[in-house]
Number of protein chains: 2
Amino acid sequence: MNSFTEENYLKAIYKLSLNGTQGVSTNAIADELSTKPSSVTDMIKKLAEKKLVSYQKYQGVNLTKKGRDIAISIIRNHRLWEVFLVEKLNFKWDEVHDLAEELEHINTHKLTERLDEFLDFPKFDPHGDPIPDKNGNIIQHKDITLSDLKIGEKAVVVGVKEHSKSYLNYLEQLQLVLGAEVQIQDIVEFDATMRILVNNKQVIISNQASKNLIVKRN
Amino acid sequence: MNSFTEENYLKAIYKLSLNGTQGVSTNAIADELSTKPSSVTDMIKKLAEKKLVSYQKYQGVNLTKKGRDIAISIIRNHRLWEVFLVEKLNFKWDEVHDLAEELEHINTHKLTERLDEFLDFPKFDPHGDPIPDKNGNIIQHKDITLSDLKIGEKAVVVGVKEHSKSYLNYLEQLQLVLGAEVQIQDIVEFDATMRILVNNKQVIISNQASKNLIVKRN
DNA sequence: AAATAAATTTAGATAAGTCTAAAAAAATAA
DNA sequence: TTATTTTTTTAGACTTATCTAAATTTATTT
């Protein structure tokens, strides 16, 4: 068995390894987990001994197959619980992250599979992130964001790249939730601020906001 | 915030204080939690500092109001999750204890209340144990057991006093589940073994088993 | 009431995970 | 290429929860 802490490190390393192609740096992990680089080094050594990561001093870490499997199963759990919290317990999409962060560590195969079935095998969580299937296969978003669109183009909101409470809450106020249809009306050349149509209502949205909103052209 | 460990101590002390009337002894807690008396002493000191228990050296401990409130809210959580696991995820009554033991510590007021509502405010868990309401009020069973009945008497199974997997599994095989109707046909004078009728089927049951089955006469 | 047994506490050690400060290695700049 | 900066690691300390072994207190016998 692995501790909650070990699992959180694996998850962080997994997440960070999606961006870069090389090994994940100590500082990046420390940042992601709000801890100190020295603590990270210690934990990496422990994970390396357990063959959950491969690691050479000063060269960053990579997950092994075993480590990646664990990370993915925790992500699966996390996202299934988020679906449960939103769909069954009526939480809002900006409220579920922290709770799911705790629930995800109750990592019992049988519980996960029963939950998956109870929720009718959802493919995406309430933020549009794909839920790995029970074999660990996971669809990766192509990540077209609102900011990639040109004037006149139409699209549907399918996810977010930023999960902070404040961002999610802001989007909800603008009715920019999953499934919302948008059309670009105007783009300010200077700072890429957009004027868009959401449910026939005009909305002004900054580049900071638009580049974190994942959409699908239609 | 309190750690999982602290919460487990509070729960253990609460449980043990239901039996005896005096303070709960160090050894009893050690036994309940499968730990050593010296560890218990250490933890008790910590809980006493936090004003969760009252404690005088060598005199046993008692929960304070604050400590009891926490214990009861954890028990509430535990039992609500058990209902969820059995009713929504189709687990059997002998499978849910350990999972609920983990879920109970995700002790967020909002989650508990939403779960309670989702489950339609159940009054009893899958083993017949009463679920404390949101104010911490808890109905105490009168604890009439099958072994208290006389020949000819009829009753309904409403709970168990022993929660081991093997006992629960055994009961299920005999169809002695919650709501089952039983009638006493015969009692062996020597060792109180009973011959009873469960759903019109004859069953022989030892005193060890019958004295842990809570029933209600009808 | 003294002797023995049982229960409880103390003292000191250990393991997990974290931290600060200092040292070492790697990356970048001059 | 040497100097400087940044990143990473090491060394040593701290906290939480646990343990064993020894000491102390309380309970039970005789």
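Residue numbers start from 1 in every chain, and the chains themselves are labelled A, B, ... in the order their sequence lines are given, proteins ahead of strands. These numbers come from a predicted model, not from an experiment.
- For Gly60(B) and Phe4(A), each mapped to the nucleotide of DNA chain C holding its nearest heavy atom, the one lying further toward the 5' end belongs to Gly60(B).
- What separates CE of Met43(B) from P of dT8(C) is a distance of 18 Å, to the nearest Å.
- You'll find the side chain of Asn2(A) reaches within 4.5 Å of the side chain of Lys50(A), heavy atoms only.
- For Tyr9(A), a side-chain nitrogen or oxygen approaches OP1 or OP2 of dT18(C) to under 4.0 Å.
- The distance between atom NZ of Lys45(B) and atom P of dT16(D), rounded to the nearest whole Å, is 15 Å.
- Side-chain polar atoms of Thr112(B) and Asn77(B) form a donor-acceptor pair below 3.5 angstrom.
- Looking only at side-chain heavy atoms (C-beta outward), Phe4(B) and Glu102(B) stay at 4.5 Å or farther from each other.
- We find that CD1 of Ile44(A) is positioned 17 Å from C1' of dA16(C), with the value rounded to whole Å.
- Taking the six-membered ring for Trp, His127(A) and His163(A) have ring centres closer than 6.0 Å.
- Rounded to an integer number of Å, the gap from Gln22(B) CD to dA27(D) C1' is 15 Å.
- Separating the CD atom of Glu6(A) from the P atom of dT18(C) is a distance of 10 Å, rounded to the nearest angstrom.
- At a non-hydrogen distance threshold of 4.0 Å, Thr35(A), Lys36(A), Ser38(A), Ser39(A), Asp42(A) from residues 30-42 of chain A come into contact with DNA chain C.
- Judged by the 6.0 Å distance and 45° axis criteria, Arg114(A) is positioned over the aromatic ring of Phe91(B).
- Asp125(B) and His78(B) form no side-chain donor-acceptor contact under 3.5 Å, judged by distance and modelled atom types alone.
- Considering only residues two or more places apart in sequence or on other chains, Lys161(B) meets the salt bridge (Lys or Arg N to Asp or Glu O under 4.0 Å) condition with Asp143(B).
- The CG atom of Asn27(A) sits 18 Å away from the P atom of dT5(D) (whole-angstrom rounding).
- Contact annotation: the side chain of Tyr9(B) approaches that of Leu33(B) to within less than 4.5 Å [non-hydrogen atoms, C-beta and beyond].
- In this structure, Ser3(B) does not reach the dT16(D) phosphate: none of its side-chain N or O atoms is under 4.0 Å from OP1 or OP2.
- Here Glu104(B) pairs with Lys11(B) under the salt bridge (Lys or Arg N to Asp or Glu O under 4.0 Å) rule; sequence neighbours left out.
- Contacts between residues 11-19 of chain B and DNA chain C, counted as heavy-atom distances below 4.0 Å, involve no residue at all.
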Every protein N/O within reach of nucleotides 24-27 of chain C N/O, cut-off under 3.5 Å:
residue : atom : partner  : partner atom : Å
dA25(C) : O4'  : Tyr58(A) : OH           : 3.4

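- What separates CD1 of Ile29(B) from C1' of dT18(D) is a distance of 16 Å, to the nearest Å.
- Between Phe118(A) and Phe118(B), the angle of the ring planes goes over 60°, which puts this pair in the perpendicular group of the 30/60° scheme.
- Here Glu153(A) pairs with Arg217(A) under the side-chain hydrogen bond (donor to acceptor under 3.5 Å, both in side chains) rule; sequence neighbours left out.
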